[in-house]
2 protein chains.
Amino acid sequence: MGNRERIIDAAIELMNRSGSAVGTNQMAEHLSISPGNLYYHFRNREQIVREILQRLRCDLDAVLEIEADQSLDASRLADCFAGGAKVLWKYRFFFSASLELVTRDEQLAEAYRDFCARGIDQVEKAFRRAVATAPGRLSPASTENRMIAVNLWVLWTSWPRYVDVLRAEPAGESEIFRSQHHLSLMLKPYLAPDYYTAVVTHMRELMRR
Amino acid sequence: MGNRERIIDAAIELMNRSGSAVGTNQMAEHLSISPGNLYYHFRNREQIVREILQRLRCDLDAVLEIEADQSLDASRLADCFAGGAKVLWKYRFFFSASLELVTRDEQLAEAYRDFCARGIDQVEKAFRRAVATAPGRLSPASTENRMIAVNLWVLWTSWPRYVDVLRAEPAGESEIFRSQHHLSLMLKPYLAPDYYTAVVTHMRELMRR
DNA sequence: GTCTATACGCCGATAGAC
DNA sequence: GTCTATCGGCGTATAGAC
């Protein structure tokens, strides 16, 4: 594998471990290469982060992009939650530090706004599909669909940070996974009870490993 | 007013405007005093932030501490939401940057963990009281009360950051206030419809000004 | 209490040899 | 492609005069 890829991997690993303030020197040191070498492969620090966001976007699309003709049954929705948890864990530093990253790089900010807009759309669509498949005791008003999607998105993206703030020790995977139970609870009132319990059961299964 | 108070006020104002990375030099400059003078009043930068958290805690207690013998009617709950919005706006930098502040000061971290634990407890109590006062179509299971309280807390505390990330321009008060409508939506399934609409109506009234 | 001046450390980035 | 060496900027904090 080329040094370029290794630098990105190292950046993700180190930032997940120590926060987004990890410097280019530390990345180079961790790979036993020189700072100068790193700057041969990347114009600057920002460019590294931008490419990480590209990877993140791809991974999340694979999770949230629902096929048009497929019915959203409970196990498929559980896939979304479990996949969402994995993405959250893999790139947790990014979610934790999105604001700090974005304020130092306007180009990244634009890309991240796109990322959020697309993500919220996908969540809203998935929610509508789930409700259409198995409606619950309450049905959301038309404007409420979007608000609920935003609530889900904010809660999902904020979870790594919440965990980091409260825990003195570095966060474990299970604490990130817990977010998905909190998320699913927000859907519960709008879904049929048996459908909801099926989703939760599948989720637990998928995230056990 | 003494310089000590003025420094804290300046810190809040500047950090709300430019983010938590505002330096001691900038605070001093903004007040037309010298950096040395600032360090006469405070041991270090961290101490300033710690005192800001103390103020925040007091302000929030005034909003969330529900009197034991008072019934939680719709207008009182609306007070909580409106008061919560005001606190969120007044100290928005702190919510936006809690992790960064906390990671550089273990003493602050401990205080902030207390702050969160107490806040979540207060939210949970308020939620239980509201549900007891005006139960809706769904009633939360016993373990769900806490989870919902956590959801509310995370969403509430994460909102300023969410706004900062998405907006290129500095956030306005109204965008912060919008969070409360999203929060209240999470309660809706568990509250009687007329009670809920009364809460929302009061909220709008209170936050209009 | 308030000032001026400055030490110290850190990090991003570049120059230029190999 | 990879290295060594170094510049330049910024931010915290202190020393010591007034």
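Numbered from 1 within each chain, the chains take letters A, B, ... in sequence-line order.
- Across D:dC3, C:dT4, C:dA13, the shortest atom-to-atom separation from the side chain of A:Asn37 is found for D:dC3.
- Comparing C:dA13, D:dC3, D:dG1 by their nearest atom to the side chain of A:Ile33 picks out D:dC3.
- The interatomic distance linking B:Glu29 (CD) with D:dT12 (P) rounds to 13 Å, in whole Å.
- Distance CZ (A:Arg43) to C1' (C:dT14): 12 Å, rounded to an integer number of Å.
- If you take CG of A:Asn25 and C1' of D:dT6, they are 12 Å apart, rounded to a whole angstrom.
- Considering only side-chain N and O atoms, B:Tyr39 lies under 4.0 angstrom from the phosphate OP1 or OP2 of D:dA13.
- Remark: A:Arg161 fails to qualify as a cation-pi partner of A:Phe95 under the 6.0 Å distance and 45° angle criteria applied to the six-membered ring.
- Checked against D:dT12, D:dT4, C:dT4, the side chain of B:Arg45 finds its nearest nucleotide in D:dT12.
- A donor-acceptor pair under 3.5 Å is formed between the side chain of B:Arg92 and the backbone N or O of B:Trp89.
- B:Gly36 comes within contact range of at least one nucleobase, with a heavy-atom separation under 4.0 Å.
- For the pair B:Tyr40 OH and D:dG16 C1', the computed distance is 15 Å after rounding to whole Å.
- Taking only side-chain nitrogens and oxygens, B:Asn3 never comes nearer than 4.0 Å to OP1 or OP2 of C:dG1.
- Ring centroid separation for the pair A:Tyr195 and A:Tyr190 does not come in under the 6.0 Å cut-off.
- Checked against C:dA13, D:dT2, C:dT4, the side chain of A:Ser34 finds its nearest nucleotide in D:dT2.
- Side-chain atoms of A:Glu46 lie closest to C:dA13 of the nucleotides D:dG1, C:dA13, D:dT4.
- Atom P of nucleotide D:dT12 and atom CD1 of B:Ile7 are separated by 14 Å, given to the nearest angstrom.
- Partner of B:Ser96 under the side chain to side chain donor-acceptor pair (under 3.5 Å) criterion, chosen from B:Asn16, B:Asp164, B:Thr157: B:Asp164.
- OP1 or OP2 of C:dC11 lies within a sub-4.0 Å distance of a side-chain N or O belonging to A:Gln26.
- For the pair A:Phe42 CZ and C:dT14 P, the computed distance is 15 Å after rounding to whole Å.
- Using a 4.0 Å heavy-atom cutoff across all strands shown, B:Thr24 reaches sugar-phosphate atoms only and no base atom.
- For A:Met27 and D:dT2, the CE to P distance is 17 Å, given to the nearest whole Å.
- Checking each of B:Arg4, B:Arg45, B:Arg43 against B:Glu51 for a salt bridge (charged side-chain N to carboxylate O under 4.0 Å, His left out) leaves exactly one that passes, namely B:Arg4.
- Residue A:Leu38 contributes atom CG, which lies 14 Å from atom P of D:dT4 at whole-angstrom precision.
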